Visitor: 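Dropping the structure in here first, questions after.
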Amino acid sequence: MADTANIIMPMEQEGSKSVVRAWLKKIGDSVKRDEPILELETDKVAVEVAAPCDGVLASIALGEGDEAAPGAVLGVLSLSFPPLQGRVSPEATGGARPSPPHPSSLRDDTLPAERGGRKEQRLSPLVKRLLAERKLSPSHITGTGRDGRITHRDVEVFLGAQEAGASAQSERVYVRYPQKETSRGGIQRVPHDAMRKSIAAHMVRSVQTAPHVTAVFEADFSAIVAHRKRAKLLFEEMGVPLSYSAYIVIAAAQAMKASPNVNARWHDDYLEVFEDVNIGIGVSLGERGLIVPVIHQAQDLPLLHMARRLHDLTERTRKNALKPADVQGGTFTISNHGVSGSLLATPIVINQPQSAILGVGKLEKRVVVREVDGADSMIVKPMAYVSLTIDHRVLDGHQTNAWLTRFVEVLEAWPQEDAP
């Protein structure tokens with residue numbers, strides 16, 4: 001029986017590239033099966049990789065910032081005791097001569113300042129680097145990790161609260177790595193992180209791949225506003241916030257019946273049309289970019305379940321706690337850009353390899369002309385511009401307009417019953 005076990009990069013990943021974000025254990029640490037051992041980051045999500053079995057971390061193959069391909073060996077666990085102290089067995093490396101462990105992996109991660117009668121504070125290399133860069137003491141930061149361990153997210157929260165002048169545990173704040181550089185004359189050079197580079201590559205690839213065309217309609221939200229006003233309290237009593245996004249996702253799923261090819265994927269020899277409508281919602285991460293969690297089988301969800309699913313995904317996005325499955329399998333995407341104030345954004349870049357993306361502008365009261373008792377009248381209504389950007393290889397104008405027509409109809413004719 002082999003005395004080592006490889007820690008393998010998952011074969012399926014969501015995003016164009018994965019990099020090692022942080023090791024949660026150091027060489028010599030004992031680990032339990034399914035215990036998180038390192039974090040990976042793609043352009044869409046940060047995920048934890050769990051230990052495949054009980055053992056001791058014997059070797060680290062990829063360090064922080066290294067790109068990790070699907071199936072790559074990330075590190076090695078020793079199944080025998082004492083640990084292998086960085087030695088990798090020939091079968092773990094395909095017979096290649098192993099490299100010695102990086103010196104930083106072997107150093108004591110207990111800060112001297114935290115010794116002397118107090119409980120020793122073990123810190124990951126990433127946390128130590130953040131503390132050193134900002135000249136922070138770990139004694140000022142409350143750890144939320146296992147056994148009170150300080151995680152890099154705890155440092156980010158502390159730094160963000162300092163900058164905002166708020167409580168140290170008010171909200172999650174994303175910071176850039178590495179720190180920006182300021183040269184003479186006030187010019188700043190901000191290095192791109194892995195997520196920003198991946199997003200940039202994805203956007204360029206989408207525009208180069210698909211001919212983008214955008215159609216714009218206007219939607220009257222009067223029925224949605226009225227229904228939400230009556231149902232909001234009922235939903236809150238059940239612990240579910242009711243947002244406008246829940247109505248928008250349901251209307252988008254129903255509009256697929258009018259133009260099924262909107263929920264499709266282009267291939268060189270055929271068009272792949274999906275039965276399930278898996279809708280991604282773009283969520284901003286501030287200056288770092290955005291992430292798109294997916295609501296699977298949206299066509300089957302009533303309003304209450306939709307609102308609950310949206311709330312769950314939003315909360316876990318804010319806590320940086322999404323799982324790979326939460327961002328996989330999307331067939332259509334919604335960009336609710338109006339929440340940040342824009343009336344119209346065009347074209348919104350399609351989330352490849354999908355065929356279309358919906359944009360929803362700012363909801364605001366506007367004066368519109370309606371016929372009342374046979375005469376034109378000016379009435380104030382809650383209105384928003386809605387756009388559908390399409391891959392013109394897949395969809396034509398007629399199909400695009402049919403989809404938008406049905407989408408607006410669902411919103412404007414929303415039933416006024418009080419039941420969820």
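On a predicted model such as this, the values are computed, not experimentally measured, just so you know.
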Visitor: Apply side chain to side chain contact (heavy atoms under 4.5 Å, CB included) to V19 and D66, showing your working.
Guide: CA-CA 5 Å; V19 297; D66 290 342; over 6 Å; no
Visitor: Tell me, please, which residues at least two apart from T331 pass side-chain hydrogen bond (donor to acceptor under 3.5 Å, both in side chains).
Guide: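 T331 satisfies side-chain hydrogen bond (donor to acceptor under 3.5 Å, both in side chains) with N263 once adjacent residues are dropped.
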Visitor: For Y385, give me all partners under side-chain hydrogen bond (donor to acceptor under 3.5 Å, both in side chains), at least two apart in sequence or on another chain.
Guide: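 Result, side-chain hydrogen bond (donor to acceptor under 3.5 Å, both in side chains) vs Y385: none returned.
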Visitor: Hey, could you give me each pair passing ring-ring contact (aromatic ring centres under 6.0 Å, His included) that has a residue in residues 355-379? Not counting sequence neighbours.
Guide: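 Counting only pairs at least two positions apart or across chains, no ring-ring contact (aromatic ring centres under 6.0 Å, His included) contact touches residues 355-379.
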Visitor: For A5 and C53, which heavy atoms make the closest approach, and how far apart are they?
Guide: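 Closest pair (atom of A5, atom of C53, distance): CB-SG, 3.7 Å.
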Visitor: Would a 4.5 Å heavy-atom cut-off, applied to side chains only, mark L404 and V386 as touching?
Guide: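 The answer is yes, as the side chains (C-beta and beyond) meet within the 4.5 Å cut-off.
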Visitor: Pair M256, F332 - check side chain to side chain contact (heavy atoms under 4.5 Å, CB included), show working.
Guide: CA-CA 10 Å; M256 298 301 177; F332 182 75; 3.5 Å; yes
Visitor: Could you list all the side chain to side chain donor-acceptor pair (under 3.5 Å) pairs where at least one residue sits in residues 212-224, not counting sequence neighbours?
Guide: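 Passing the test, one end in residues 212-224: T214-T346, T214-T389, E218-R366, D220-S222.
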Visitor: Looking at every non-hydrogen atom in both residues, tell me the closest pair between A223 and Q416 and how far apart they are.
Guide: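 For A223 versus Q416, the nearest heavy atoms are O-NE2, 3.1 Å.
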Visitor: Do side-chain atoms of S355 reach the backbone of A264 as a donor and acceptor pair under 3.5 angstrom?
Guide: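 Confirmed, S355 side chain pairs with A264 backbone.
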Visitor: Considering residues at least two apart in sequence or located in another chain, which fulfil the salt bridge (Lys or Arg N to Asp or Glu O under 4.0 Å) criterion with E409?
Guide: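 Salt bridge (Lys or Arg N to Asp or Glu O under 4.0 Å) check on E409 returns R406.
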Visitor: What pair of heavy atoms forms the shortest contact from S245 to L310, and how long is it?
Guide: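 So the minimum-distance heavy-atom pair works out to C-CD1, 3.7 Å.
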Visitor: Is there a side-chain contact between I348 and T333, using heavy atoms and a 4.5 Å cut-off?
Guide: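 A side-chain contact under 4.5 Å is absent here.
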Visitor: Mind checking whether F217 and W403 have ring centres under 6.0 Å apart?
Guide: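 When the ring centroids of F217 and W403 are compared, they turn out to be at least 6.0 Å apart.
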Visitor: Apply side chain to side chain contact (heavy atoms under 4.5 Å, CB included) to I7 and V73, showing your working.
Guide: CA-CA 6 Å; I7 306 166; V73 176; over 6 Å; no
Visitor: Does the side chain of P293 come within less than 4.5 Å of V283's, by heavy atoms?
Guide: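 SC-SC contact between V283 and P293 confirmed.
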Visitor: Do N401 side-chain atoms and H398 backbone N/O form a donor-acceptor pair below 3.5 Å?
Guide: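 Here the side-chain-to-backbone pair does not exist.
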Visitor: Which residue pairs satisfy the salt bridge (charged side-chain N to carboxylate O under 4.0 Å, His left out) criterion with at least one member in residues 271-282, sequence neighbours excluded?
Guide: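 Applying salt bridge (charged side-chain N to carboxylate O under 4.0 Å, His left out) to every pair that reaches into residues 271-282, excluding sequence neighbours, yields nothing.
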Visitor: Looking at L271 and R265, what are the two nearest heavy atoms and their distance?
Guide: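 The pair with the smallest heavy-atom distance is CD1-O, 3.4 Å.
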Visitor: Do any side-chain atoms of residues 368-380 form donor-acceptor pairs under 3.5 angstrom with protein atoms, and if so which ones, sequence neighbours left out?
Guide:
none

Visitor: Should T314 and I281 count as side-chain neighbours, where that means a heavy-atom distance under 4.5 Å?
Guide: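 No - every pair of side-chain heavy atoms lies 4.5 Å or more apart.
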Visitor: As an exercise, state the distance from CD of E67 to CE of M9, rounded to the nearest 0.5 Å.
Guide: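 The CE atom of M9 is 9.0 Å from CD of E67, to the nearest 0.5 Å.
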Visitor: Which residues pass the side-chain hydrogen bond (donor to acceptor under 3.5 Å, both in side chains) test with S342, not counting sequence neighbours?
Guide: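 Only H337 meet the side-chain hydrogen bond (donor to acceptor under 3.5 Å, both in side chains) criterion with S342.
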Visitor: Backbone N or O of G330 within a donor-acceptor pair of the Q354 side chain at under 3.5 Å?
Guide: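 Here the side-chain-to-backbone pair exists.
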Visitor: Would you mind reporting whether T4 and L77 have side-chain heavy atoms less than 4.5 Å apart?
Guide: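 A side-chain contact is absent here, since even the closest heavy-atom pair is not under 4.5 Å.
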Visitor: Could you note down all residue pairs passing ring-ring contact (aromatic ring centres under 6.0 Å, His included) where residues 242-269 supplies at least one of them, sequence neighbours left out?
Guide: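 Pairs touching residues 242-269 that pass the test: H227-Y247, Y247-W414, H267-Y270.
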Visitor: Nearest 0.5 angstrom please: M306 CE to L242 CG, how far?
Guide: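 The distance works out to 12.0 Å.
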Visitor: Do L38 and L74 touch side chain to side chain, with heavy atoms closer than 4.5 Å?
Guide: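 Yes. Closest side-chain heavy atoms under 4.5 Å.
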Visitor: Taking salt bridge (charged side-chain N to carboxylate O under 4.0 Å, His left out) as the cut-off, I'd like each qualifying pair that reaches into residues 302-313, sequence neighbours left out, listed once.
Guide: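 Residue pairs passing salt bridge (charged side-chain N to carboxylate O under 4.0 Å, His left out), neighbours aside: D312-R316.
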Visitor: Any salt bridge (charged side-chain N to carboxylate O under 4.0 Å, His left out) pairs touching residues 246-259, not counting sequence neighbours?
Guide: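 Of all non-adjacent pairs touching residues 246-259, none passes salt bridge (charged side-chain N to carboxylate O under 4.0 Å, His left out).
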Visitor: Kindly write out the residues that satisfy side-chain hydrogen bond (donor to acceptor under 3.5 Å, both in side chains) with D54, not counting sequence neighbours, or none if the list is empty.
Guide: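 Residues passing side-chain hydrogen bond (donor to acceptor under 3.5 Å, both in side chains) with D54: none at all.
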Visitor: Hey, does the side chain of Q299 reach the backbone of V277 with a donor-acceptor pair shorter than 3.5 angstrom?
Guide: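 Judged by distance alone, yes, a pair lies under 3.5 Å.
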Visitor: Check for a donor-acceptor pair, side chain of S259 on one end and backbone N or O of Q399 on the other, with a separation under 3.5 Å.
Guide: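 Pair found, side chain donor or acceptor close to backbone of Q399.
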Visitor: Between S206 (side chain only) and I350 (backbone N and O only), is there a donor and an acceptor less than 3.5 Å apart?
Guide: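 Yes, because the side chain of S206 sits within donor-acceptor range (under 3.5 Å) of the backbone of I350.
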Visitor: Would you find a donor on one side and an acceptor on the other, under 3.5 Å apart, between the side chain of D391 and the backbone of R393?
Guide: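 Yes.
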Visitor: May I have the step-by-step check of side chain to side chain contact (heavy atoms under 4.5 Å, CB included) for V292 and V327, ending in yes or no?
Guide: CA-CA 6 Å; V292 186; V327 294; 6.0 Å; no
Visitor: Between N351 and H202, do the side chains contain an N or O donor and an N or O acceptor separated by less than 3.5 Å?
Guide: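 Indeed, the side chains of N351 and H202 share at least one donor-acceptor pair under 3.5 Å.
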